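Any value given below was found using the heavy atoms of this structure, including those in side chains, with hydrogens, waters and symmetry copies removed. We name chains A, B, ... by the order of the sequence lines, and we start the count at 1 in each one. Small disclaimer: the values here were computed from a predicted structure and weren't measured.
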Amino acid sequence: HITHTTLISAYCRAGKLQEAFTLFEEFVRSGIMPNEITYSSLINGLCKAGKLLEARELLKEMQNMGFFPNHVTYTTLIDALFKSGKVQEALQLHDETVRRGLAFDTVIFSVLIDGLCKGGKLAKAREMFEKMPRLNAIPNHITYTILIDGHCKTGNIEEAWKLLDEMEKRGLKANVVTYNALINGLGKKGQIDEIVEIFNTMPKMGVIPSNVTYSIMIDTYCKKGNLQQAFALYDEMLQKQLIPNVVTFSALINGLRKNGKMLEAKDLFQKMLEKGLFPNSVIYTSLIDGFFKQGNMTAAFKLGEEMIEKGLMFDVVTYNVFINGLCNRGKINEGKELLSEMHRKGLAPDHVTYNTLIHGYCKAGNVNEAFELLDEMMRNGLMPNIVTYNTLIAGYCGLGSMDKAEELLNEMIKRGFSPD
RNA sequence: CAAGAACAAGUCUU
């Protein structure tokens with residue numbers, strides 16, 4: 001049944017879940033027994049397709065059939081839980097594997113460390129990392145890269161360099177992903193000179209910049225407003241036979257439209273489509289925001305319809321952009337209607353959603369409605385963040401209610417925010 | 001080399 005499982009896992013990797021399950025059922029019907037690996041492959045396919053519930057059901061099914069999920073099966077599920085933001089559930093499932101006495105290995109630690117880093121628990125991640133040797137799990141280049149990326153994302157580049165040093169001392173080689181994480185961290189801090197230097201030394205270290213490397217560089221130059229250099233890099237990557245993808249284009253398009261070149265942005269989008277690339281909601285949202293900020297509501301809504309025609313879903317950010325566009329043109333109630341639509345669709349609004357609407361109401365002088373939304377936001381488990389406070393304080397100031405503004409200022413300080 | 005892990009793009013206040 002190695003052949004059969006190979007086929008099933010190939011379908012799962014290709015995202016053809018339906019085919020994978022059809023094959024699975026056929027094999028079972030013709031008397032070929034699946035094993036742990038067959039189930040793990042299918043569970044992985046479900047996880048990667050975002051069907052976490054079905055994945056967990058399949059885990060139960062395999063147990064009912066008398067199979068024992070192994071550490072790989074659990075790692076797959078734990079990773080998927082982390083990636084969908086369910087940090088607590090992920091950790092619970094990990095506890096379960098510990099209770100069952102399943103093996104620890106480098107991969108499970110890497111998954112845990114990555115999940116903790118991305119969930120904002122860098123200290124815990126670090127703790128995990130430190131206890132690996134005691135449990136006979138040796139960190140490899142991926143484990144290090146995960147931790148380096150985690151530190152870069154919190155802006156602690158110094159610690160990232162230390163880790164790079166440490167991994168090299170242990171005989172592990174940094175690869176293109178490791179360098180990309182560093183370049184990205186430095187780029188987000190605006191350290192152009194530093195990233196150019198890394199970019200130039202990479203080849204000397206035997207590491208060839210990838211299309212991700214170029215996309216990061218391009219994005220950094222775009223955000224600095226240096227479109228010329230960004231496009232020079234785009235040309236360079238073409239010369240090096242690297243294939244720009246949707247992310248590359250979206251960095252460029254975003255750079256263009258934020259620098260007042262909406263027409264060029266739309267043209268480049270067209271060019272991307274002509275190249276046969278399929279647009280996603282990120283790139284549409286960027287263009288829609290650009291049109292709104294130009295005051296061109298018609299074009300913005302037209303792109304929204306185009307998204308729907310292409311079968312693209314509106315995510316939270318897309319909704320936020322529409323709500324913001326509407327609020328800025330004084331159509332706050334229509335914006336609030338979109339919030340209801342999100343609820344109906346089961347799409348969870350985030351801080352930006354509420355902050356946007358709160359800002360809309362404050363600007364209209366309707367502080368009462370703003371506080372209504374603040375209540376709703378908190379009922380939904382979202383505590384006000386620094387932007388919320390800034391918005392409300394500015395709202396009170398605009399009304400001349402300086403005492404109330406000061407009250408809020410004190411509250412935010414009490415809650416541990418430093419006013420900016 | 002029959003199953004699992006790492007990097008890039010879009011939105012809010014001042």
Donor-acceptor pair between Y396(A) and E406(A) side chains, under 3.5 angstrom: no
Closest to the I2(A) side chain, choosing from A2(B), G4(B), A6(B): A2(B)
Selected nucleotide, minimal atom distance to N254(A) side chain, candidates G10(B), G4(B), A5(B): G10(B)
Contact class for [X] (heavy atom, under 4.0 Å): base, sugar-phosphate, or nothing?
X	value
T76(A)	sugar-phosphate
T145(A)	base
I108(A)	base
T6(A)	sugar-phosphate
V107(A)	base
S41(A)	sugar-phosphate
T75(A)	base
V212(A)	base

Electrostatic pair [X]:[Y] at N-O distance under 4.0 angstrom:
X	Y	result
E372(A)	K336(A)	no
R100(A)	E96(A)	yes
K83(A)	D79(A)	yes

Polar pair under 3.5 Å, donor/acceptor by atom type, side chain N280(A), base G10(B): no
Plane angle bin for F322(A) and F301(A) - parallel if under 30°, tilted between 30 and 60°, otherwise perpendicular: tilted
Whether Y39(A) and F67(A) hold their rings parallel, tilted or perpendicular, with breakpoints at 30° and 60°: tilted
Pairing pattern in dot-bracket form [Watson-Crick, G-U; both distances under 3.5 Å; | = partner strand] for RNA chain B: ..............
Phosphate OP1/OP2 of A9(B) contacted by R257(A) side-chain N/O (<4.0 Å): no
